[in-house]
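Any value given below was found using the heavy atoms of this structure, including those in side chains, with hydrogens, waters and symmetry copies removed. Here is the naming used below: chain letters follow the sequence lines, and residue numbers restart at 1 for every chain.
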Amino acid sequence: MAGSGITVSGEQWLREMDTFRANPTAYLVGKRMDEEGFVLDILQALYSDELSHTIKVQLLGLLQERCGVLLSTDTSVEQTVGSLTGIFQQADVDTAAFFKGQVLVAITTILIARDQLVEQPQLVGEFLNTLLDVVSKINSGPDQVLRGVACECLREMEMSYPGLLMRKVGHLYVMSQTENTFVGQNYMMLFVTVLKNAMQSILQETEVTEKTQLSELLAGRVEPFKPICLPEKVDSSTFPLLQMERESSADTKGLESKELKSVISVVVEHLPLLTSAGKAFVLRQLISCVDMSPDLSASTFKSQFLNHVATTDIGLLHTVLQLKSQFGADLLSDVDEDLLLRRLLTFANHPCVPVLQRLLCWHWVLHYTTDKQTSFEVIPARLQGPLVTQLFPQIFDHMTEMVTKLRAISLYYATNTPPDSSLQLLIDSLVCVQKSVQQGVGGQPAQALFQALFQYYRQHHSPALAAEIQRLLLDVVLFHPKFVAHTIDLLDSVEELTPDSPMPVEILGALTTHTVKSSPKDVIADLEHYMMILEKAASMTQIDPKPTVLYLLTLLQTTPLCEEGSWHRGHALLSVCAAVMRNHPSTQYFKEMGDVLYAMLTLYDDLDVRDQARLYYTLLTNLSFDKLSSLLAVSADNRAHTATSLTKLVTGGSTFPPAAPVVQITQPLLKLTRVPDDPSAESKSEGPEDLNIHEKDLLSTYLERIQASTYQPAIHIKYYLHFDTDADPDYSRLYALVLHVQTNNKYAQVKDTYVSCISREDSMKPEKDCKTITLSFQPLEPVPTQFTISCDFSTEDGKTCAAHLPVLQLSFRDLFLPLAVPGAQKLQLFQQLWEHIHLQQQQTAEDR
Amino acid sequence: MQHGLLFCCLTLVEGDAASRPPLIQVPGITAGFSLLLGILDFLGQLPKNITKSSPKFLELYNYLCHAAPFGSPLDVDPFTVTSVLLDRPDPAPKVKQPAWKPKLFKGKPQIYFAITEHIKAVQYDKKGQPDAYMVYGTVTCKTELEGVMPDVTVNLSLPAPPLGKPLENILVHPCVQSTDTQILNNCASSAQHQTATMGPYKLRFTPPLHMITLCHYTSQVRELPIRGYYQMRGEGNKVKLLVQLKLGSKVKNHFEFCELQIPFYNRGPIQTYKTTPSVGSTVLSADRRILAWNIGQKFPTKSLEVQMNATVTFADNMATPPHSLLQEDPFCTGLNSYAQLYFRVSDYTQSGCYIDQRSIQVHPSTKHKSIITKEFTSSEYKIWNSHGDAQVVHTPPPTNEG
């Protein structure tokens with residue numbers, strides 16, 4: 001194994017692998033090589049003597065991991081597999097057994113991942129023969145590890161192509177019995193896998209040919225162990241098991257049970273030689289085998305059940321449960337089932353078992369009786385009497401366990417005793433989480449308590465329980481208003497579950513009464529939470545809103561709320577007002593609410609809150625209750641539409657539809673193509689102001705002009721605006737088109753260009769009649785660049801759309817502006833400039 | 001999460017994405033669980049600032065290549081995997097060699113057993129609130145015996161009643177072959193709870209070469225080793241407290257260590273403290289949040305009682321210092337407070353459970369040396385303040401049904 005002996009080149013490779021894994025494309029581009037080149041490098045490294053096996057195994061791992069990317073063609077797969085086989089054959093089994101094994105694993109993975117059995121059956125056939133060759137050397141000493149891995153490779157092949165090794169099953173049976181070294185487990189696991197698949201494919205075959213098919217196979221009389229015979233052409237129908245869902249009711253007459261019975265008892269006898277993981281795997285395969293042949297009795301597994309029912313190993317315990325769920329009463333008597341359930345509870349409560357495993361075991365207990373496909377939790381009917389005490393939370397339990405157990409006892413008492421007698425027990429059990437919550441501890445305990453309360457309510461919605469829950473909630477919330485949100489959530493859930501339940505009204509009524517009686521000083525610290533209570537309570541028509549409104553007025557008058565002007569608190573108050581106005585006829589509280597809103601709209605030190613208060617005030621004083629409530633109901637139901645409903649108010653309730661969202665067009669639609677330079681146009685642009693300047697003033701005028709602060713050179717470029725050839729023909733006429741040019745910090749912002757209409761007929765191609773526009777770019781620094789262009793427009797049917805255009809390139813050439821003097825004087829100016837620059841250079845040189 | 005690393009394992013569940021089979025139908029869950037435990041075991045103690053390029057992770061890769069070459073685990077035990085990877089293979093034996101013992105032992109035969117018993121306890125000093133505790137133990141075993149599959153039998157014995165109380169909830173290692181009915185039926189939840197058998201509990205097993213957890217058990221023993229009272233009162237930043245401890249008369253009065261710690265949560269660091277312990281010495285933790293009383297090796301032989309008075313004042317600033325190891329307990333405010341005991345007694349078990357040397361049998365019989373140790377330690381031993389509130393659970397009354 002690795003150690004300190006990693007060579008420099010080894011470390012180099014580790015780094016390379018890291019960079020490659022982080023971003024394969026970037027790595028290959030950076031190295032200027034393609035995938036094939038990289039694979040070649042890896043293969044070379046695998047051949048070299050410089051690298052330790054540890055590094056080479058890592059390289060093989062990389063090949064397996066990324067074979068989809070690295071080996072994209074059949075040829076590359078063939079070449080790589082060829083090279084790897086070469087490496088395998090060269091490596092020495094005495095010193096490099098582990099490495100050789102990993103080469104086999106790599107080849108297997110590559111062949112399976114690239115589905116080479118279909119693509120290149122020849123290649124796979126050769127490799128399978130290599131594997132069979134390795135595996136066939138039963139009981140040879142030095143290559144034990146290698147043979148074990150070869151078995152694993154064959155098993156992986158068999159699992160990917162079920163039935164592949166079916167005709168070798170007899171030989172494998174003999175081998176698994178003969179092999180004495182510790183890799184006997186690998187032979188055994190391979191054998192049971194092949195056996196299970198063989199049985200399945202015999203069952204699946206439409207015509208059951210001979211009754212003795214399986215015994216022929218098991219006796220190894222069908223064909224020799226080597227070589228493998230593959231059909232000439234492999235396709236999806238060659239391995240029908242891959243497609244079909246297994247049906248346990250399949251016709252089983254092809255399987256004679258006598259041989260099978262002895263085979264299975266031999267395998268069971270060998271189980272103590274296997275590791276826990278191996279045992280669990282083999283048992284699962286055997287379960288399927290026995291399940292497929294009804295003549296075999298499940299009692300074969302009885303000893304295994306008894307051996308492992310008290311195990312510390314969670315994997316084996318799981319297997320025991322699978323035995324139970326597969327065979328049920330065929331395997332287990334009532335006494336056994338009781339035992340199993342007791343042992344599960346023991347495991348789930350055992351202080352020596354880690355918490356996570358205990359939780360998994362609780363999951364098993366709660367799904368003990370359920371059918372395979374349901375996921376409801378049920379307490380097993382057998383769980384009775386003294387076992388029930390095991391369901392109660394214990395002081396040393398983890399919080400998550402306590403929650404699970406509270407759920408469990410709730411489930412238990414929902415089915416087992418008349419609700420009233422168990423009620424106190426249920427409520428008392430909550431103490432394990434309740435104390436923390438009563439101390440004001442939030443987070444997990446609070447969540448646990450409220451979840452448990454809802455669970456209780458769901459299972460036993462009796463009035464007595466509701467009263468208990470109410471007492472408990474008030475107890476918690478009155479001391480710790482921060483649990484208001486939890487409470488409201490719970491009440492919402494209760495309402496959803498049982499819309500007629502009086503519980504929410506009662507609890508909210510009590511909470512409101514308590515709140516409006518508290519001194520404003522106490523309430524102000526937790527104002528938002530108290531306002532949540534009042535808002536929720538206001539939505540209940542059974543609760544009188546007047547005390548609430550009066551209390552709001554007291555709050556505004558006696559506390560510095562208005563002066564502080566907090567936006568959040570202001571809106572918390574306003575939502576209570578809105579909830580009251582929405583649900584209760586305004587005659588009940590008209591004057592008081594008016595006072596509240598008036599106080600807010602005049603005194604509250606936040607503009608937005610004042611505005612909203614003014615709006616509510618206007619609504620309250622001008623609208624009837626029906627209108628008011630329906631208006632506020634709409635805005636409460638769907639806050640997103642608030643703006644719309646307010647617009648409705650302004651427009652007198654007209655049904656002006658809200659604007660549809662902007663349609664984003666991702667396909668190419670429009671394009672800008674540069675209009676070719678037109679010499680005639682250039683001459684035309686010389687206006688009258690560009691009259692000839694006197695030769696003497698030519699240079700000074702020019703310099704003056706370009707050095708003036710008002711001088712802003714701009715590049716004007718003319719473009720055809722036309723439709724892309726691939727544009728969607730639905731967009732044939734575009735109206736009110738706005739073009740935006742996104743500039744960077746090297747260029748000044750470009751003004752949006754407006755086009756009133758562009759049609760497909762006129763502007764399909766960048767030609768003479770096409771729509772043209774001129775864009776003016778003002779460089780802040782003279783550098784070439786590119787611009788992103790986007791546009792918005794309306795379509796004929798009134799939709800607003802947005803689209804992107806291809807980027808615009810501004811090249812270095814474009815940055816040369818024509819000299820702004822009449823054509824004839826250009827040469828003169830050039831010469832004068834040249835001399836001027838020349839002179840300046842000389843001067844600077846002399847100054848130094 | 002362990003050592004600041006996140007260990008996770010994805011299991012393959014075949015079928016369509018919509019269906020969520022119950023976990024019982026997903027064998028990969030427990031296989032993945034075991035693999036993760038194997039990985040943790042393999043990595044062992046890791047240095048604090050471990051990086052991705054550590055050689056340990058290269059070794060881990062090799063471990064995984066062997067333990068689960070195609071992703072489904074074959075053998076997750078780090079000991080056997082390492083011995084396969086590192087050592088030259090033995091020649092093929094004449095009889096079948098188990099997969100969990102790839103190398104045979106050569107050398108001086110020796111068997112080592114250790115019983116480690118733990119106690120978790122909470123004491124309240126409140127009427128109507130019974131104290132709670134559980135005593136549980138683990139027997140570990142390492143057998144170095146020659147031969148392919150030697151088979152060992154051992155008895156777990158208890159003193160005769162009334163001293164001894166039955167062991168319950170015994171879980172055994174997969175190498176234990178025949179589980180006798182006493183072991184299976186002694187469950188705290190079983191109907192035979194009252195009639196649970198007293199043993200000796202016979203375990204017959206074919207062990208691998210490395211250290212294994214032979215079994216776990218819990219004990220019905222009904223006596224606290226140390227009874228304690230913790231009384232704390234005070235206002236504002238000053239508290240007075242009294243702790244009294246009494247050792248049970250049957251407990252071996254010779255501790256490896258015995259220390260009482262009082263953590264002060266949700267308060268400022270301790271500013272001054274004055275203690276008068278009847279034995280031992282007191283000290284503050286580095287972050288000045290815990291008052292520790294080192295009781296020493298022995299309780300006074302005559303009275304078996306010790307006590308400590310203390311006055312403690314706290315600074316005003318509540319902020320936890322950054323180096324503090326104390327994780328705040330939000331429940332412990334004001335007078336809600338507890339003291340916690342840490343102790344270990346060697347060559348003693350609270351349940352009285354022991355391994356009778358004469359009961360050890362090896363088949364095929366060989367001469368061997370056997371070493372047996374036992375110890376008793378506290379794992380969570382809380383004494384709540386008599387004057388404050390405490391975390392409790394509701395204990396259901398015993399049912400008479402069934």
Side-chain angles (χ1 to χ4, degrees), chain A residues 1-2 54 57-58 98 102 105 139 141 144-145 149 152 156 180-182 184-185 273-278 284 310-316 318 321 325 339 342 345-346 350-352 363-364 367 372 375 384-390 392-396 425 428-429 431-432 435-436 439 441, chain B residues 20 22-25 27 30-31 33-34 53 55 58-59 61-62 65 69-70 73-76 84-86 89 91-93 95-100 102 120 122 132 134 136 138 169-174 179 183-184 187 189-191 193 213 216 330-331 389 391-394 396 399 401-402:
Chain A
M1 296 179 81
T54 307
V57 169
Q58 295 266 338
F98 174 64
Q102 290 309 306
V105 171
N139 279 334
Q144 290 171 26
V145 177
V149 177
E152 287 311 306
E156 194 64 18
N180 278 344
T181 70
F182 75 95
Q185 158 160 313
L273 297 166
L274 309 185
T275 63
S276 301
R284 275 202 307 277
T311 186
T312 51
D313 187 289
I314 190 149
L316 286 173
H318 194 174
L321 273 171
S325 85
L339 176 68
R342 265 201 327 268
L345 287 171
T346 293
H350 208 291
C352 294
H363 176 97
W364 289 342
H367 288 90
K372 283 172 199 173
S375 49
Q384 289 291 345
L387 290 180
V388 178
T389 54
Q390 298 279 307
F392 283 83
Q394 292 173 10
I395 188 73
F396 305 109
L425 205 56
D428 286 348
S429 304
V431 74
C432 58
K435 282 221 169 178
S436 287
Q439 281 281 317
V441 181
Chain B
R20 292 177 65 86
L23 302 188
I24 269 187
Q25 306 296 331
T30 45
F33 228 124
S34 316
S53 56
L58 291 181
E59 287 174 39
Y61 191 81
N62 286 358
C65 281
F70 290 98
L74 301 170
D75 180 10
V76 293
V84 169
L85 290 180
L86 287 182
V95 287
K96 279 203 158 254
Q97 185 179 354
W100 36 263
K120 280 185 177 178
V122 278
M134 53 164 71
Y136 56 95
T138 297
N169 302 327
I170 300 177
L171 302 178
V172 296
H173 189 272
T179 334
I183 290 179
L184 288 181
C187 295
S189 52
S190 75
H193 184 50
T213 302
H216 296 301
F331 180 75
D389 202 356
Q391 294 279 21
V392 295
V393 294
H394 177 71
T399 43
E401 318 159 44

Euclidean distance, A:Gln394 CD relative to B:Lys120 NZ, rounded to 0.5 Å: 9.5 Å
Closest non-hydrogen atom pair between B:Pro98 and A:Phe182, with its separation: O-CB, 3.5 Å
Rounded distance [0.5 Å steps], CD in A:Gln58 versus CG in B:Asn62: 7.5 Å
Region of A:Gln144 in contact with chain B, defined by heavy-atom distances below 4.5 Å: side chain
Among the listed options A:Cys352, A:Pro393, A:Ser429, A:Cys432, the residue most often paired with chain B at heavy-atom distances under 4.5 Å: A:Cys352
Chain B contact via A:Val105 - side chain, backbone, both or neither, heavy atoms under 4.5 Å: both
Heavy-atom pair count under 4.5 Å with chain B, highest-scoring of A:Leu316, A:Leu321, A:Ile314: A:Ile314
Selection from A:Ala277, A:Pro351, A:Gly278 maximising heavy-atom pairs under 4.5 Å formed with chain B: A:Pro351
Heavy-atom closest pair, residues B:Phe70 and A:Glu156: CB-OE1, 3.2 Å
B:Leu74 vs A:Gln185 side-chain heavy atoms within contact, under 4.5 Å: yes
Rounded distance [0.5 Å steps], CG in A:Leu425 versus NE2 in B:His394: 4.5 Å
Heavy-atom side-chain proximity of B:Cys65 to A:Val57 below 4.5 angstrom: yes
Closest-packed option against chain B by number of heavy-atom pairs under 4.5 Å, given A:Thr312, A:Asn180, A:Thr311, A:Asp313: A:Asn180
Distance in Å, B:Asp75 CG paired with A:Leu274 CG, rounded so as to fall on 0.5 Å steps: 10.5 Å
Interatomic spacing from CG in B:Leu23 to NE2 in A:His363 - rounded to 0.5 Å: 3.5 Å
Option from B:Pro174, B:Ser34, B:Pro73 for which side-chain contact (heavy atoms from CB on, under 4.5 Å) with A:Ser276 holds: B:Pro174
Segment of B:Ala31 engaging chain A (4.5 angstrom heavy-atom cut-off): neither
Region of B:Pro91 in contact with chain A, defined by heavy-atom distances below 4.5 Å: backbone
Which portion of B:Val76 sits near chain A, non-hydrogen atoms under 4.5 angstrom: neither
Atom group of B:Phe331 that falls short of 4.5 Å from chain A, counting heavy atoms: both
Interface residue of largest heavy-atom contact number with chain A, from B:Val84, B:Val393, B:Val95, under 4.5 Å: B:Val393
